[in-house]
Structure formats: C-alpha cells, structure tokens
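The shown structure was predicted, so the numbers you read here are calculated from the model rather than taken from an experiment. Atoms within a ligand are numbered from 1 in the order they appear, just like the ligands themselves.
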Amino acid sequence: MANQTLLVNALTIDATGTEQNHQALFIREGKITWRGHQDDLPYEISTERFDCRGALVTPGLIDCHTHLVYAGSRANEYRKRLNGMSYQVIAQQGGGILSSVEQLRLASEEELFTQSLPRIQSMVAQGVTTVEIKSGYGLNLKNELKMLAVAKRLGECTGIRVVKTFLGAHAVPEEFLNRAADYVDYLCSEMLPAIDEAKAADVVDVFSESIGFSLSQTEQIFQCARALDLPIKCHAEQLSNIGASALAASYGALSCDHLEHLDDAGIKAMAEAGTVAVLLPGAFYFLNETKKPPIERMRAAGVGMAIATDCNPGSSPTTSLPLMMSMACRFFSLTIPEAIAGVTTQAARALGLQQTIGTLDVGMHADIVCWSSIFDSADLCYQFGNRLPHKTMIAGQWQTDRNFN
Ligand code: DI6
Ligand code: FE
C-alpha cells in the first residue's frame, strides 16, 4: 500500500540516552503510527520491511539557529581576525554584519537563492530535516522580505521544513547611523507589521548586546512581537552580560542563544519560563572565545540545552550540525545523550515544535535519519566532521538513497 513504511532492526536511543536494539517503526501517511520492539509488531502491520541492520536511527536533526541566507563572503575579515583584530572592533569599523548587509542588498533574489542553496543542501546531506533561517542582513523592509522569501523557497525546493525568523534587530543599518532608537521605531511601526501581514516570518529575534540592541530597545521589539502574537527568541549574553536572557524569559521566549556570559539570574529566569538555551559552539570556536556558557549550572537548574550551527558568514561559517555536536561535547562538556537531544527534542522546543517533531514517538511527523554505518550512538559525535552516509525521511518520504544497501 502506498504511503507506508516499516523500519525494522533499528538501534534507537531514548531520552535518557539508553540504547534500544531491534526496534521497529511503522510510518503511515507521514506520521509514526507504531513504535516498539519488533517482536511485538501487531500482525496487521504487514508491509515490505526496510531492514536497518542494527544501525542507529534518530529523529531528523533540527538546526534551530542559522543565518544561512546571505550573499558573498567575509574571508577578508577572517584574515584580520587571524592577525588579532577582534570581532567587535571589525564591527565598529563598519565591517561585520554591515558588510554582509551591503553584499545582500546588491544581490538579486535569484542570486541570493543560488548562493544559499548549497548550504541548505549540505545540511540536508548531513541529516537535517528542519532548519530555522533568520533574516537580518537586509535591515529594511524590501531586503528583509527578500531574505525571508528565499528562506521559504529553499524549503520548498529541498523538501526540508523551514522556520523563518525575522531578525531586523541584528544591527543598525548605515542610513540610521547613530540613530538606533529611530531604527527600532521604524522596525516596530513599519517593518514588523508588514512582515506579519505578509506572513513572512514565524518568530521574532533580537541581537541584544553591547554592540547590538540595548535592553530597552529589545523590550520594545518584544512588546511589538507580543502584540502581533509572534513568538520570540533572543541572541543573549554572547559577548557580555546585559540581562537580555532574563528579559527574554520574562516575555516567554522560546530560546535564548549563545549565552557565554549568562549569569545565575538569567539561568533562574530561563528555567522558570521553560526557555531553551541554544548553544552555538561554532561561533565560540571561530571567534576564539574562552568564556564558556555555564553548562553545569544550566543543567542543575533544569534548563534544556539545544545545539545549532549559527551558520553565518561572520562568526560561524559552517553547515555541519554533527560537527557542532562533537564540539558541544568537547568544548562544553555535554554528554552524548545531551548532544543528541540538543539537535532533536531540545531543538524542537527551541522552535516551539515539540508537539510534532524531534522524537520518534507515535503521532509525530515521520522525520527520521538512518545512520547506516553507526552502531553506537556515541559515533555521531565521535566521528567529528565526517559526512556519514544515511537515508533521510521527511514526513514519511525518503529524501536520499545514498550508500545504504
Ligand atoms: N550573533 C552571531 O553569532 C551572528 N549574529 C549574531 O547576532 C553573527 C552574524 C555575522 O557576523 O554576520
Ligand atoms: Fe546567530
């Protein structure tokens, strides 16, 4: 019968990290409808079996923080940084995010799509089935809409789920130089309502930072998002602590991201609000940071931790979520189960999608990755940077058929 698949002999891992052998999953009409030990399969389920041969099967990976739609490159800044110039100084001198804004505004929608497509394809090839994509290099209505339109198109053409986030508050554009307050007014009164009207974004994000937007500007944007019923996220405490995470949590933020400088007040507020901490070890590595997010204290407080690539041209030019898992284990001392949860269940929570994706439970969308050469779940983090052969299913449809048999 069409629209159904039976996976058998799968190695799965539960929320505690315990491995389970000989698992079967039955998928029908795009959803998981049965899961358990294959010996317990009900007799009614009789269809052609797909034998996983004891290899690992995980939920599709979720990259919950990316800026993958961008134009051009910032390799020139990389050279400067290797010579000792800091990310902050480059930004203050008009480089950084603003140099990507300049390149993006010059690119047509078609060029932007063509340049961004290989990045999303590379993610899909590494097991990603849902990706969050932020705007934030347009910084005016026309160009922010252009970015979000490209994000939508990338989802349509690859089949991957895309969550679109409006990050108009990423930097103050040149035409508002030294007039950040005016830019935030423009964002709140014109850009965000128009983006909402066009249904171009699902979430609103703010880069709340000493070199970004202040706490009161951040709150103004959160209020505006709340009035439009849009969920929020926040780039918080990446380079300094200004209390952005506690503020975001008080607005019920889905996630606070980066968090190298997070303090106890922020941890407490996030724990109480159920706000997920999104760890971005690629940016930590690439910016040569030494201050780590307070993992132990977040763990003790029960703050859920997700892991993402932060794929962007300035601080994390990578598309490899499995590599980020490995870095989160090595740099931030996450356990293997935490790293796997970080790109599945916790990443789904960071996008507000935990009811439909991120686990292999019955009733969830059948977004599934078969890791054909992995027989120990630790291998997902251990073999760092390798592109492992796999077979990926999104909503019950196989996406790739690479090296499996
Ligand atoms: N934090 C980041 O890591 C990215 N944006 C942000 O607010 C970096 C964006 C860039 O440098 O282009
Ligand atoms: Fe970011």
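At the top of the distance list for atom 7 (O) of ligand 1, counting protein heavy atoms only, stands Phe207 CD1, 3.1 Å. In this structure, the protein non-hydrogen atom closest to atom 5 (N) of ligand 1 is His170 NE2, 2.8 Å. The single protein non-hydrogen atom nearest to atom 9 (C) of ligand 1 is Tyr137 OH, 3.3 Å, given as residue, atom name and distance. In terms of protein heavy-atom proximity, atom 1 (N) of ligand 1 is closest to Gln238 OE1, 3.2 Å.
Of the N and O atoms on the side chains of Arg349 and Gln346, at least one donor lies less than 3.5 Å from an acceptor on the other residue. The closest side-chain donor-acceptor pair between His235 and His65 falls under 3.5 angstrom. Checked by atom type, the side-chain pair Tyr87/Glu77 shows no donor-acceptor distance below 3.5 Å. When only modelled atom types and interatomic distance are considered, Trp371 and Thr58 share a side-chain donor-acceptor pair under 3.5 Å. Side chain to side chain, Ser240 and Glu209 meet the donor-acceptor criterion of an N or O pair below 3.5 Å.
Taking a 4.0 Å cut-off on heavy atoms, Glu209 fails to register as neighbouring ligand 1.
Nearest residue to atom 10 (C) of ligand 1 from Tyr87, Tyr70, Phe213 is Tyr87 (criterion: closest heavy atom).
Of all N, O or S atoms in Asp310, the one lying closest to the Fe ion (ligand 2) is OD1. Minimum-distance N/O/S atom of His65 relative to the Fe ion (ligand 2): NE2. Restricting His67 to its N, O or S atoms, the one at the least distance from the Fe ion (ligand 2) is NE2.
The atoms of ligand 1 that sit less than 4.0 Å from any heavy atom of Asn312 are 3 (O), 4 (C), 8 (C), 9 (C), 10 (C), 11 (O), 12 (O). If you number the atoms of ligand 1 from 1 as listed, the ones under 4.0 Å from a heavy atom of Arg74 come out as 10 (C), 11 (O), 12 (O). Near Ile97, meaning under 4.0 Å from any of its heavy atoms, are these atoms of ligand 1: 9 (C), 10 (C), 11 (O), 12 (O). Every atom of ligand 1 with a heavy atom of Asp310 under 4.0 Å away is listed here by number and element: 2 (C), 3 (O).
Open room surrounds CZ on Arg330; 12 or fewer heavy atoms of other groups in view lie less than 6.0 Å from it.
Distances between N or O atoms of Ser100 and those of ligand 1 include no value under 3.5 Å.
Between Tyr78 and Phe286, the gap from one ring centroid to the other is short of 6.0 Å. Proximity of the aromatic rings of Phe331 and Phe284 is defined here by a centroid distance below 6.0 angstrom, and this criterion is met.
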Report the C-alpha separation of Phe222 and Val206 in whole Å, then their side-chain angles, then the decisive distance to 0.1 Å, and conclude whether the side chain to side chain contact (heavy atoms under 4.5 Å, CB included) test is met. CA-CA 8 Å; Phe222 287 166; Val206 176; 3.8 Å; yes
